[in-house]
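Inspection log for the structure reproduced underneath, given as structure tokens.
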Protein chains: 2
Amino acid sequence: MTKDNDPKSHAWAVLLTAHATLIERIETALAQAGLPPLGWYDVLWELEKAEGGRLRMHELARRVVLSRSNLTRLADRLEDARLIEREDTAHDRRGYDCVITRAGLAMRRKMWPVYKAEIERLFSRHITVEEARTIGDALGRAVKAARGN
Amino acid sequence: MTKDNDPKSHAWAVLLTAHATLIERIETALAQAGLPPLGWYDVLWELEKAEGGRLRMHELARRVVLSRSNLTRLADRLEDARLIEREDTAHDRRGYDCVITRAGLAMRRKMWPVYKAEIERLFSRHITVEEARTIGDALGRAVKAARGN
DNA sequence: CACAGATAGTTGCAGATGCAACGATATGCT
DNA sequence: AGCATATCGTTGCATCTGCAACTATCTGTG
């Protein structure tokens, strides 16, 4: 939080602090509401957005920015909770599709209001639409470049 | 990365992705250089900035946004590596001061070029100074509000 | 000054994480 | 076709994490 001489380093430092602080609050809010952690939401939401509610494991891992081994076990937990299912994929006997279930859709819908309220309370309320656009654009460029490596 | 209707939700989503992606890259770079993880840097840097290179455990935990139990063990590791020391604090027999050692200062100095190069490559290069100011201001406000809770 | 309640830091435990190694399958080259 | 190489997803291992419980100490109130 120290005033840096370089605005870019300062922005990076604040981004780290903001992420850590807000995520901590959001996880707490979800836990207090008796809901699963944010990582579950991310997976469910990516699946819900995807064509047919299904994605290959590696593609899902890429989208939620998780290592594969990590996604394997997160998928295990979600499958135990009946929120997703693994199906053999066509044309590649090595792979699986993760498919979101009805219960998975319902869970995501149940988590969203809690998550949304926290985003509003902790983030949206404090920034202007113009700032939001700038953040989305600038960080979006950085992500795109990092992925293009 | 989906185009959201709401710029603020979109900014939040991009922030999450950017954080995850860039941190992953930075950790990889540090590991490849044979250096400790980013969490060590954060602690060392906070101590180095602090008056006398020392902070109480709880204050250090607050600044690096870590739970206390977590900081206890991170401090254990740093102490094992002789990068910090714990000293009884004056006036409160419950508490300890974490103090950075010469080796700790040296380690932070050794990590910085690697960290800095990654920040530059992954973040600074892709944003303007004006955007950096906006990010620092906007997220700074959010952090400040969240802490004032 | 005695006691209730708050705070400092640590520890046990269960769960989450990354990395390297693995078996299985696919792909490219000859 | 046959073999080397790459990719898919899982697993073992060591490490890291948060929560709740714990001891020790401090603070405020009567």
Q) Does A/Ala31 or A/Arg94 map to a spot on DNA chain D nearer the 5' end, using the closest nucleotide for each? A) A/Arg94
(Q) Using a 4.0 Å heavy-atom cut-off, does A/Arg56 contact any base of the nucleic acid, only the sugar-phosphate backbone, or nothing at all? (A) sugar-phosphate
Q) Roughly how many Å is it from CG in B/Asp88 to P in D/dA24, rounded to a whole number? A) 15 Å
**Q.** Base of D/dG18 paired with side chain of B/Arg73 (donor-acceptor, under 3.5 Å)
**A.** yes
Q. Roughly, in whole Å, what's the span from CZ in B/Arg68 to C1' in D/dT23?
A. 15 Å
**Q.** Nucleotide D/dC16, atom P - distance to CD of B/Glu24 in whole Å
**A.** 18 Å
Q: Identify whether the distance between the nearest side-chain nitrogen and carboxylate oxygen of A/Arg63 and A/Glu59 falls below 4.0 Å.
A: yes
Q.
Counting only side-chain nitrogens and oxygens, does A/His58 get under 4.0 Å of the OP1 or OP2 atom of D/dG9?
A. yes
**Q.** Options C/dT10, D/dC26, C/dC19, nucleotide nearest the side-chain atoms of B/Met57
**A.** C/dT10
Q.
I need the CD-C1' distance between A/Glu59 and D/dG9, as an integer number of Å.
A. 15 Å
Q.
Please report the distance, rounded to the nearest Å, between CZ in B/Arg93 and C1' in C/dA6.
A. 18 Å
Q. Which whole-number value in Å describes the distance from B/Trp40 CH2 to D/dT15 C1'?
A. 12 Å
Q: For B/Tyr115 and A/Trp12, test the side chains for any donor-to-acceptor distance below 3.5 angstrom and give the result as yes or no.
A: yes
Q) Roughly how many Å is it from CG in A/Asp42 to C1' in C/dA16, rounded to a whole number? A) 15 Å
Q: For the residue pair A/His19 and B/His19, categorise the inter-ring angle as parallel (less than 30°), tilted (30 to 60°) or perpendicular (more than 60°).
A: parallel
**Q.** Side-chain N or O of A/Ser67 closer than 4.0 Å to phosphate OP1/OP2 of C/dG18
**A.** yes
**Q.** Backbone of A/Asp92 reached by a side-chain donor or acceptor of A/Thr89 within 3.5 Å
**A.** no
(Q) By nearest heavy atom, map A/Asn70 and B/Leu66 onto DNA chain D; which one lands nearer the 5' end? (A) A/Asn70
(Q) Rounding to an integer number of Å, can you tell me how far A/Leu78 CG sits from D/dG9 C1'? (A) 16 Å
**Q.** Basic-acidic side-chain contact under 4.0 Å: A/Arg86, A/Asp76
**A.** yes
Q) So what's the dot-bracket for DNA chain C: Watson-Crick or G-U pairs under 3.5 Å, [ ] if a pair crosses, | if it pairs off-strand? A) ||||||||||||||||||||||||||||||
Q. Looking only at heavy atoms, what is the nearest atom pair of A/Lys8 and B/Ile127, with distance?
A. NZ-O, 3.0 Å
Q: Would you mind telling me which of A/Leu55, A/Ile84, A/Leu71 makes a side chain to side chain contact (heavy atoms under 4.5 Å, CB included) with A/Cys98?
A: A/Ile84
